[in-house]
Number of protein chains: 2
Amino acid sequence: MSRPTIAGVARAAGVSVASVSRVLNGLPATEEMVERVQRAVDELGYVPDARARSLKVGRTFQLTLAVADVGNPVYVTMMRAVEEVVSAAGYRLVVTTTGPDVVDEVALVRGMARGYADGLLISPLRVDEDLVKSIRECEVPVVVAGNVPAKAGVDTVRANSPKGMLLAVDHLVAKGRRRIAFLNGPADTVPGAARAKGFAEALRAHDLRPAAVAEADDFTFAAGRAAAPALLNSLTSEEVRVRVATSSDVRGRPDAVIAANDLLAVGVMHELAAAGLEVPADVAVVGMDDSELAEQSFPPLTSVNLGSAERGRRAAELLLARIEDNERAPRRIVVQPSLSIRRSTP
Amino acid sequence: MSRPTIAGVARAAGVSVASVSRVLNGLPATEEMVERVQRAVDELGYVPDARARSLKVGRTFQLTLAVADVGNPVYVTMMRAVEEVVSAAGYRLVVTTTGPDVVDEVALVRGMARGYADGLLISPLRVDEDLVKSIRECEVPVVVAGNVPAKAGVDTVRANSPKGMLLAVDHLVAKGRRRIAFLNGPADTVPGAARAKGFAEALRAHDLRPAAVAEADDFTFAAGRAAAPALLNSLTSEEVRVRVATSSDVRGRPDAVIAANDLLAVGVMHELAAAGLEVPADVAVVGMDDSELAEQSFPPLTSVNLGSAERGRRAAELLLARIEDNERAPRRIVVQPSLSIRRSTP
DNA sequence: GTCGGGCTTGTAAACGATTACAAGAACGAT
DNA sequence: ATCGTTCTTGTAATCGTTTACAAGCCCGAC
């Protein structure tokens with residue numbers, strides 16, 4: 001009844017456990033030996049126990065991908081890319097969710113003792129001393145998809161948010177928009193900070209001033225909707241000021257909104273529609289991540305492709321390489337963005 | 001340099017490995033013993049090896065959730081629910097993707113030898129003899145979120161698609177729609193077959209005939225868009241017929257479309273917009289699954305809630321119960337649907 | 001004072017694989 | 001015929017835990 005072990009197979013085949021193991025691992029053996037073992041294996045339906053195997057060989061053949069929110073479509077893109085690379089290398093991918101708090105991430109990395117997986121690929125929203133420390137001390141190789149200080153000495157693959165932001169602003173400006181607003185996620189997150197900085201720089205490069213800036217509580221659709229009214233209210237007060245000052249065209253109601261990710265952008269579009277404003281005629285909207293949601297949303301969302309698929313792929317490759325050789329110098333890869341233009345911009 | 005083992009801790013604390021193990025597992029020990037072990041553990045930063053532990057105790061404390069497509073938002077809902085239940089019970093959740101083919105599912109179940117996880121929760125798109133057989137023979141408990149024959153003797157949690165379909169049709173009829181079309185996913189899948197049947201029954205219950213039926217290659221957004229023209233073409237030919245026949249109001253261009261899931265529904269909405277038709281004024285659209293996408297889409301999508309969160313929760317509970325007691329009689333739970341009305345219907 | 005009972009702790013045998021090492025078989029060359 | 005080489009196979013140690021069992025200790029009761 002109980003599952004057969006290698007000893008059972010050996011007994012059934014009338015050979016030693018070592019021989020069974022050898023046949024199963026493709027080591028040289030005689031025709032007849034292979035034949036006998038194979039028959040016994042088939043007959044008993046034997047499958048090697050992964051636990052025992054990994055205890056002995058010191059590897060689990062599992063890799064963990066930790067993301068903050070499975071509901072964020074950007075992780076779908078990334079996950080697909082990671083999955084492809086790691087499964088080609090013979091690993092199983094384990095996906096876990098950390099939630100938005102850095103303490104959860106630290107706990108995950110700490111608890112990531114050897115034995116659960118052979119490597120960890122983490123995309124942290126917030127980074128602090130503790131997290132960096134726990135990553136350095138982690139017993140298994142860790143690759144970060146995101147931005148951690150170079151001195152952490154860890155492999156990283158990150159996006160170039162400022163450049164991406166510039167692409168978005170370039171595009172909007174080329175289409176004649178000058179009153180550009182920004183809906184960020186939490187500014188105390190790594191991507192939030194990077195995008196805030198990028199937005200400011202990009203506007204400066206065009207000699208523009210932000211039409212409005214708001215900050216959502218989270219990188220989610222709901223938070224985007226919730227924060228949008230603040231953006232809309234600030235529009236209103238801008239409008240008031242315009243009427244008083246009759247200023248240049250850089251004042252007045254924003255004619256474009258850039259959101260820090262696609263979920264927020266879609267949230268904004270809903271609120272714009274609720275306010276009776278048309279996209280892109282009245283207000284153009286640009287998202288970031290170029291996730292599947294960008295093409296599914298209506299109108300389809302112009303979005304900055306921050307290379308999530310490529311980041312996933314490169315990060316997975318880095319992880320595999322480090323598992324191979326833990327002494328190699330840490331690499332820091334930056335993936336360049338591109339812009340996917342769709343109908344939410346003119 | 002290398003990771004400390006329980007033997008190292010024992011040496012450092014000047015006690016036996018058994019004592020260390022006992023302290024770590026909370027078995028009775030003297031104050032002083034606990035103290036010494038604890039200090040040694042802290043000092044060395046010892047963490048038990050999960051592999052060795054699970055080899056000995058025969059459990060991995062991991063549960064696997066296998067879904068067909070991580071990009072389908074319905075699985076996000078389900079995954080969240082499952083995660084909550086299993087992590088409360090002290091298990092880690094491993095999510096894997098099977099792809100749309102039944103052979104992949106069979107391979108997954110077969111390869112699910114004890115040692116990778118303590119249980120499997122699978123939501124198969126297609127079910128055949130082989131799959132049922134592999135599930136019955138699987139060494140770890142398996143719970144199916146979906147419909148498999150009762151004779152398979154396996155715990156299942158499934159949705160009530162026909163009832164859900166009826167809710168959708170009831171709603172559309174109540175709003176005065178009579179020319180109802182249906183965009184299904186592949187009819188050779190379990191949900192595809194159930195929904196086709198449900199749609200036919202629901203229309204019959206209202207003495208209506210289908211305005212049009214089309215079948216997408218997949219339950220994805222892209223497949224939905226690709227299949228929509230077929231639906232639209234059939235609309236056109238219907239329209240032609242109407243012009244010729246001046247028939248009753250059950251003929252003519254569909255004034256409502258029900259899609260077999262939210263992704264397909266959103267795909268249809270895109271094509272409707274491209275054809276210059278307004279939702280819901282010209283055509284009402286109803287999706288199924290009531291996933292996050294339903295509220296994110298524009299207009300927000302009326303969708304049949306097939307209870308994915310509850311299904312996930314119940315399935316996880318069933319799995320935990322079966323792990324507890326593998327002899328209990330298999331249960332077959334059916335979760336009742338409800339309708340989430342949004343603005344894609346009048 | 002001795003003996004039995006209850007605790008605490010240590011010794012050693014698992015769990016199910018892989019693999020170093022040694023022994024045995026086969027075979028060609030001298 | 002004997003020796004050495006090579007190839008195959010088996011024996012046993014090992015990975016890092018848990019846990020059954022035994023041994024030792026302290027204590028109170030007779």
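In what follows, every chain begins at residue 1, and chains take the letters A, B, ... in the order their sequences are listed. Please read all numbers here as calculations on a predicted model, not as lab measurements. These values consider heavy atoms only, across backbone and side chains, with no hydrogens, waters or symmetry-generated copies.
Not one side-chain nitrogen or oxygen of A:Ser54 sits closer than 4.0 Å to the OP1 or OP2 atom of C:dA17. Dashed line: the shortest gap from a side-chain N or O of A:Ser21 to OP1 or OP2 of C:dT18 is under 4.0 Å. Contact check, A:Ser19 against D:dT8: no side-chain N or O comes under 4.0 Å of OP1 or OP2.
The minimum heavy-atom distance between B:Val15 and B:Val37, with the atom names listed, is CG2-CG2, 4.2 Å. Contact detail for B:Ala81 and B:Ala309: the closest heavy-atom pair is CB-O, 3.2 Å.
Between the CD atom of A:Glu32 and the P atom of C:dA26 there is a distance of 12 Å, given to the nearest Å. Atoms CZ (A:Arg53) and C1' (C:dT18) sit 8 Å apart, rounded to a whole Å. Distance B:Arg11 CZ to C:dG10 C1': 16 Å, rounded to the nearest Å. Across the protein-nucleic acid pair, B:Asp49 atom CG and D:dG16 atom P stand 7 Å apart, rounded to whole Å. Atom CG of A:Leu24 is separated from atom P of C:dT19 by 13 Å (rounded to the nearest Å). Rounding to whole angstrom units, CZ of residue B:Arg59 and P of D:dT18 are separated by 14 Å. As a whole-Å value, the separation of A:Glu31 CD from D:dC7 P is 17 Å. Rounded to whole Å, atom P of D:dG10 lies 14 Å from atom CG of A:Leu27.
Side-chain proximity of A:Val57 to C:dG16, D:dT9, C:dT19: nearest is C:dT19. For A:Val17, the side-chain atoms get nearest to D:dA12 when compared with the rest of D:dA12, C:dT9, C:dT8. Nearest to the side chain of B:Met33, among C:dG16, C:dA12, C:dT9, sits C:dT9. Across D:dT17, C:dT19, D:dG16, the shortest atom-to-atom separation from the side chain of B:Ile6 is found for D:dT17. Nearest to the side chain of A:Arg22, among C:dG16, D:dG10, D:dT8, sits D:dG10. Checked against D:dT8, C:dG10, D:dG16, the side chain of B:Lys56 finds its nearest nucleotide in D:dG16.
Nucleotides of DNA chain D nearest to B:Arg51 and B:Ala18 differ in position, and the one nearer the 5' end is that of B:Arg51. Closest-nucleotide positions on DNA chain D for A:Ser16 and B:Ala52 were compared, and the one nearer the 5' end corresponds to A:Ser16.
Electrostatic pairing of A:Arg80 and B:Asp69 counts as a salt bridge here, judged by a charged N lying under 4.0 Å from a carboxylate O.
Proximity of A:Val94 to A:Tyr116: side-chain heavy atoms (C-beta onward) are nowhere separated by under 4.5 Å.
Atom CG in A:Asp155 sits 10.0 Å away from atom CZ in A:Arg332 (nearest 0.5 Å).
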